[in-house]
Amino acid sequence: MSALSPTFCSELDQLFHWRRDVRHFETRPLPEGLLDTLLRQAHQAPSVGLSQPWRFVRVASAARRARIRAIFEACNAEALAAQEEERASLYARLKLAGLDDAPEQVAVFVDTETQIGHGLGRATMPETLGYSAVLAVHTLWLAAAARGIGLGWVSILDAPAVTAALEVPGHWRLIAHLCIGYPRAPSDIPELERAGWEHRLPPGDVFLQR
């Protein structure tokens, strides 16, 4: 593959800036078939040993969504109680999930017992199997953002409880529970930065040379 055009590279840079964790969604549905298209693109992510260990579960059932919501509420209450006093009020004001409004929810698991790829590349670093599933999430995120679709990663969840709620194999490990839909107010600034929770580090703070 040859280098792509400067125009493409400029638009790709914009995509990186506008790929934000969305927490406020419109309730309008995605166009028919779009989620399938996005998941097919996510399936093109790289993986260790070509293991393709990601497993996508579309959560469409109202009953199962309610169970996920209840798991989040319990975990979020524990997280709030664990906050230091000076940050507890700020934490309470954060909207940490789009579970009520997002038209689509997708749980992403890693199949920890997959034989695909014959173990290549993960004997010394078995965690790369999970990293591969994370790459699929990021690929999905970029594919969605390119179409003006927002994605929110809900991590305040008890993973075994989610596994049980969705009735997937016990050796599948939860990587992400994703809310997907149109953002109410797109922004190129992370919401947690706008809310004063944290600020992005300058590149010089994380780039090293040895």
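The chain is numbered in sequence order, starting from 1.
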Quiz prompt | Pairs involving residues 84-96, ordered by first then second residue, that meet side chain to side chain donor-acceptor pair (under 3.5 Å) (sequence neighbours left out) | solution = N76-Y91
Quiz item: Taking C-beta and beyond as the side chain, do L178 and W153 meet within less than 4.5 Å on heavy atoms?
Solution: yes
Practice problem: Please name the pair of heavy atoms, one in P53 and one in L129, separated by the smallest distance, quoted to 0.1 Å. | Solution: CG-O, 3.4 Å
Exercise. Count the heavy atoms of every other residue, nucleotide or ligand shown that sit under 6.0 Å from CD of Q115, and state whether that count exceeds 12.
Key: no
Quiz item: Hey, are the side chains of E11 and L15 touching, using non-hydrogen atoms and a 4.5 Å cut-off?
Solution: no
Quiz prompt | Residues that S5 engages under side-chain contact (heavy atoms from CB on, under 4.5 Å), provided they are two or more places apart | solution = T7, F8
Quiz item: So which heavy atom on F25 is nearest to which on C179, and how close?
Solution: CZ-O, 3.5 Å
Quiz item: Any link between V108 and V168 through a network of hydrophobic side chains (Ile, Leu, Val, Met, Phe, Trp, Tyr) touching at under 4.5 Å?
Solution: no
Self-check item: Nearest non-hydrogen partners of A165 and I71, listed with the distance
Solution: CB-CD1, 4.3 Å
Quiz prompt | Trace of the side chain to side chain contact (heavy atoms under 4.5 Å, CB included) decision for V106 with L35 | solution = CA-CA 10 Å; V106 173; L35 181 61; 4.2 Å; yes
Self-check item: Interatomic spacing from OG in S187 to CZ in R194 - rounded to 0.5 Å
Solution: 4.0 Å
Quiz prompt | Euclidean distance, L34 CG relative to L39 CG, rounded to 0.5 Å | solution = 9.5 Å
Practice problem: Let me see the working for L142 and Q41 under side chain to side chain contact (heavy atoms under 4.5 Å, CB included), right down to the final yes or no. | Solution: CA-CA 10 Å; L142 292 176; Q41 289 188 301; over 6 Å; no
Self-check item: Side chains of L99 and H177 in contact at under 4.5 Å (non-hydrogen atoms)
Solution: yes
Self-check item: Nearest-0.5 Å distance that lies between atom CG in L38 and atom CG in L30
Solution: 7.5 Å
Quiz prompt | Contacts of type ring-ring contact (aromatic ring centres under 6.0 Å, His included), residue H43, not counting sequence neighbours | solution = W54
Quiz prompt | R67 side-chain N/O to A63 backbone N/O, donor-acceptor pair under 3.5 Å | solution = no
Quiz item: Would you call I149 and Y182 a side-chain contact if the rule is heavy atoms closer than 4.5 Å?
Solution: yes
Practice problem: Before giving the answer on side chain to side chain contact (heavy atoms under 4.5 Å, CB included), spell out for E191 and D21 the whole-Å C-alpha distance, their side-chain angles and the decisive distance to 0.1 Å. | Solution: CA-CA 7 Å; E191 182 169 338; D21 187 46; over 6 Å; no
Self-check item: Same apolar cluster: I180 and F109, side chain cutoff 4.5 Å
Solution: no
Exercise. Report yes or no: do V110 and F56 belong to one cluster of Ile/Leu/Val/Met/Phe/Trp/Tyr joined by side chain heavy-atom distances under 4.5 Å?
Key: yes
Quiz item: Going only through I, L, V, M, F, W and Y residues with side-chain contacts under 4.5 Å, is there a path from W172 to V59?
Solution: yes
Self-check item: Q14 side, atom CD; D188 side, atom CG - distance, nearest 0.5 Å
Solution: 10.0 Å
Quiz item: With R184, which residues qualify under side-chain contact (heavy atoms from CB on, under 4.5 Å), at least two apart?
Solution: H24, E26, D101
Exercise. Find out whether D36 and R58 are in side-chain contact, i.e. whether some heavy atom of one side chain is under 4.5 Å from a heavy atom of the other.
Key: no
Quiz prompt | Shortest non-hydrogen contact from G196 toward L90 | solution = O-CD2, 3.8 Å
Quiz prompt | Gap between atom CG of L192 and atom CZ of R20 - 0.5 Å precision | solution = 10.5 Å
Quiz item: Hey, any chance F72 and V22 share a hydrophobic cluster, counting ILVMFWY side chains that come within less than 4.5 Å of each other, even indirectly?
Solution: no
Self-check item: Flag, side chain of Q105 to backbone of P103, donor-acceptor distance under 3.5 Å
Solution: no
Quiz item: side chain to side chain donor-acceptor pair (under 3.5 Å): which pairs involve residues 198-210, sequence neighbours left out?
Solution: none
Quiz prompt | From CG (L151) to CZ (R19), nearest 0.5 Å | solution = 8.5 Å
Listed pairs under 3.5 Å, donor-acceptor, residues 132-140 side chains, sequence neighbours left out:
residue : atom : partner : partner atom : Å
S132    : OG   : V48     : N            : 3.0
S132    : OG   : T128    : O            : 2.8
T139    : OG1  : L135    : O            : 2.8

